[in-house]
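Side chains are part of it too, since the values below use all heavy atoms of this structure and drop only hydrogens, waters and symmetry mates. Below, chains carry the letters A, B, ... as their sequence lines are ordered, and counting in each starts from 1.
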Amino acid sequence: MGGNSGDAGDNVQLSLLQGFGQPARPQGTSPAAAVDPVAQVLIESPLPHLDREFDYLVPEELSAAAVPGARIKARFGGQELAGYITARKAEAPEGVRLVALSKVVSPQPVLTPGLLRLATAVAERYAGNVSDVVRAAVPPRVAKVDQEFAGRGPGPVEAAAAAPAVDASCFAGYRSGPAFLSHLAAGESPRAVLTSHRSYGPAAWPAQVAAAVAAAVQSGRGALAVVPDARDLARLEAALAAVLGTDGYLRLSAEDGPTPRYRNYLRLLHGDVRVAVGTRSAAYAPVPELGLIVLCDDGDDLYVEQRAPYQHTREVLLLRAGLEDCAMLLASVARSTEAERLVQHGWAQPIQCERPVLRTQTPRVVNTADSFQQERDPLLSHARLPQAAWRAAQDGLARGPVLVQVARTGFSPSLACQDCRTPARCPECSGPLGQTGRGAVPACRWCGRLAGDYRCPECGSARLRASVAGAARTAEELGRAFPGVPVISSAGEHIKDAVGPDPALVVATPGAEPVAEAGYAAALLLDGNAMLSRESLRASEETLRRWFGAASLVRPAAEGGLVVVTADSDAVVGQLVRWDPAGAAARELGLRRELQLPPAVRIAALTGSQAGIELFVQDLQLPPARLVGPVPLPGADGTHRLLVFFGYREAAVVTAALRTRKAALSAKRTPDPVQVRLDGLDFL
DNA sequence: AGCACGCCGACT
DNA sequence: GTCGGCGTGCTC
């Protein structure tokens, strides 16, 4: 009764508005669809409390196009919002009056059920919005490409290509490598962490990844490979083309521009091709019958999405592998602590060469920091090259190109022990110690505690030094040190993909090293101290990753390959000298466990005003967790940060609680917004 | 962002 | 008794 009279009143108001000439949508003029007249819709709204599905009425004339996965526009609250249909159904729950869909933007079912499940899982993991994840996953629509696919239903147009031959020779000497390939080819879903030791030539990691992809294709399934950047993409594509042909795979890269990106997405969606390769947005590619996911060099920080919820491609793909029950391969010449954790938990099998094989297949690595090698050649004082490094370069240049890795400039100063150079960390919470000015008392950047009586836990010294970055040696300086030798520079905006076999000094910043087809004769890894002394939890891990990346471009010791690293003697240098990325990762993970830091535990960072954070935490229902802060951020206008450390077991409950709190506060339009970020490691 | 609904004061 | 202020909460 009450409901009826309310309806009548609304109708009167509506007709009054229409009487005044408002262009309101005519009610009842377009009949609802005969079959499944209700569409479940995921609204694209940045507001957490609106990040869920809503029901709309489907007008008959839109019914054919309004398929699950299609992009739509619908009136929502005051405005016309974009969204996706997630399902069609016969009726909506009682008590809601449905509004009609405004239009179907495109009938292409781009938000597949699998992608919606994945986006939901990612949003839950990162306490973020499903629609934010969907925005990163689905490429923007291009109308003219839609036309090309008009009228095509799901399913492949042409028969799948002939199964490729799987060449396992690039896995020779790798324990568990051939077995991984044969399990894959047999249709099983093994999971592995591949620690390759070669970045050039026919047995390099791109060839290994291509072999794994071929094995998955041979089993009749699809495969997906994700790389950090365009250079690695080009290298992997070359290897894939050699195995599958240039039509055997599709590339998905945001760098290609909207048209090819959207076209290739739709081609995968329609099953034209079953192998996709690309950069981080490709992690969501609609590969049909996905059998294998490969992630290359998972330690690269390009894998962190730069927009909320700041998801990491590794975590996205781990979730996807679980949801789609497919094989997974993390391939790298280094090993991240996260990958090590997967190995230690038995989730993934390690694939790597054993020591005797490694000794023949990797270059000899020497460290110049030993005191008797420290004195410098007086002629070279300007180039600041230790004598051993100079000799290695001179010898190498007789046999081919020599790589010189120099650090990028601009590291932030932090505190370390003056005597043994151990980074200084807070005795209470393990946060990094910093100094606000010259002579200021050192303070923890996390908990704010003053550490005036700090003593190094390693050597007991009370002396601290600010470790300031070393300046990058310029190509010019090296040119003077080696007159007559061509100097090639690859850094910043001028990155070279490859260099020839002739003698040359190749100066590159980490990650920008060109590939020499027959390998470098030698490599000098300079500025190691600057890289190691950065105020970051990941300084060691990252330095080692850069070192292995460069060293894996050098010929094996048997062919004269030599790597010289100029860093103070340190456990990390030892891991490189012994070529032991797995041991290094295990040691690093052990340290993180002791300190209870990620990835041994998980972490949430709440950033905002002090009042905002207090309000956020007030009604937050948390299981046992360690709270650190809030502490003011240096140089920021009153912005504070609170860190929440919690275990993996509690993670689902914690992220759910954070999401609930975010939604509640955004619904109330609280003035002091708090940013919630999970597992961001850059500030640790 | 907009629009309902609801509780309170002013005016017919 | 009715109209309209805007503060709070929901939006299919």
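The separation between A:Arg669 atom CZ and B:dA1 atom C1' is 8 Å, rounded to whole Å. Atom-to-atom, CD1 of A:Ile85 to C1' of C:dC12 comes out at 13 Å; the value is rounded to the nearest Å. Between the CD atom of A:Gln79 and the C1' atom of C:dC12 there is a distance of 15 Å, given to the nearest Å. Distance CG (A:Leu101) to P (C:dT11): 17 Å, rounded to an integer number of Å. Note: NE2 (A:His49) to C1' (C:dT8) measures 12 Å, nearest angstrom. If you take CZ of A:Arg75 and C1' of B:dA1, they are 10 Å apart, rounded to a whole angstrom. A:Glu53 places its CD atom 16 Å from the C1' atom of C:dT11, with the value rounded to the nearest Å. Protein atom CZ of A:Phe76 is 15 Å distant from nucleotide atom P of B:dA4, rounded to whole Å.
If you check every strand for non-hydrogen atoms under 4.0 Å, A:Leu50 touches a base. Within the nucleic acid shown, A:Val96 comes within 4.0 Å of at least one base atom, counting heavy atoms only.
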* To do: Would you sort out whether A:Tyr310 and A:Tyr126 count as a ring-ring contact (aromatic ring centres under 6.0 Å, His included), showing the intermediate values?
  => CA-CA 8 Å; A:Tyr310 307 101; A:Tyr126 284 93; 9.0 Å; no
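A:Arg626 places none of its side-chain heavy atoms less than 4.5 Å from the side chain of A:Phe646.
The shortest distance between the side-chain N/O atoms of A:Arg52 and the OP1/OP2 oxygens of C:dT11 is below 4.0 Å.
Within the structure, salt bridge (Lys or Arg N to Asp or Glu O under 4.0 Å) contacts touching residues 600-623 of chain A (residues at least two apart or in different chains) are A:Arg602-A:Asp679.
Figure legend: A:Arg341 and A:Tyr648 shown as a cation-pi pair, the cationic atom lying under 6.0 angstrom from the six-membered ring centre and within 45 degrees of its axis.
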